[in-house]
Amino acid sequence: MVRLRLKRIGAKNNPVFRIVAADQRSPRDGKFIEELGTYHPKDAKSVNFTLKLDRAEYWLKVGAQPSDTVASMIKKARKAAAEAPAA
């Protein structure tokens, strides 16, 4: 099964993550299918991640399961996308 999850790439005490689509059997920092975005947890901004929402929607449509953290990011990105055209 394909999972949408985080892959750590940051240095010690400075975490940075990539949001990736990966086989659930592969290790956390191992092989992945596609990179969907990035996440910087130490940024002070309210939006500290980037996400290719169209690709995330594609993976969800074909049956990929997001982790809890990635699911919340997708929810925030959908909300931001819905508000952007109205502005």
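All values derive from a computational prediction rather than experimental measurement. Quick note: numbers below take in every heavy atom, side chains included, and nothing from hydrogens, waters or symmetry partners. In what follows, residues are counted from 1 in the order of the sequence shown.
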| field | Arg55 side, atom CZ; Glu34 side, atom CD - distance, nearest 0.5 Å | value | 4.0 Å
| message | Are the side chains of Arg5 and Ser26 in contact, using a 4.5 Å heavy-atom criterion? | response | yes
| Same cluster (ILVMFWY, side-chain, under 4.5 Å), Ile33 and Tyr39 | yes
| said: Can you confirm whether more than 12 heavy atoms, excluding those of Asp68, are under 6.0 Å from its CG atom? | reply: no
| request: Please report the shortest heavy-atom distance between Val20 and Glu35, naming the atom on each side. | output: CG1-CA, 4.2 Å
| query | What are the two closest heavy atoms between Pro15 and Pro41, and how far apart are they? | reply | O-CD, 3.4 Å
| request: Answer yes or no: is there a side-chain heavy-atom contact under 4.5 Å between Leu36 and Val70? | output: no
| query | Under a 4.5 Å side-chain heavy-atom rule over Ile, Leu, Val, Met, Phe, Trp and Tyr, are Phe49 and Leu53 clustered together? | reply | yes
| note | In terms of heavy-atom contacts, Pro66 and Ile74 come closest through CB-CD1, 4.5 Å
| query | If you group Ile, Leu, Val, Met, Phe, Trp and Tyr by side-chain heavy-atom gaps below 4.5 Å, do Met73 and Phe32 land in one group? | reply | no
| field | Transitive ILVMFWY side-chain link Tyr58 to Leu60, under 4.5 Å | value | yes
| Contact summary for Ala21 and Leu4, nearest pair of heavy atoms | CB-CD2, 3.7 Å
| request: Indicate the atoms forming the closest heavy-atom contact of Ile19 with Thr38, along with that distance. | output: CD1-O, 4.0 Å
| field | Least distance between heavy atoms, Lys7 atom then Asp29 atom | value | CE-O, 3.4 Å
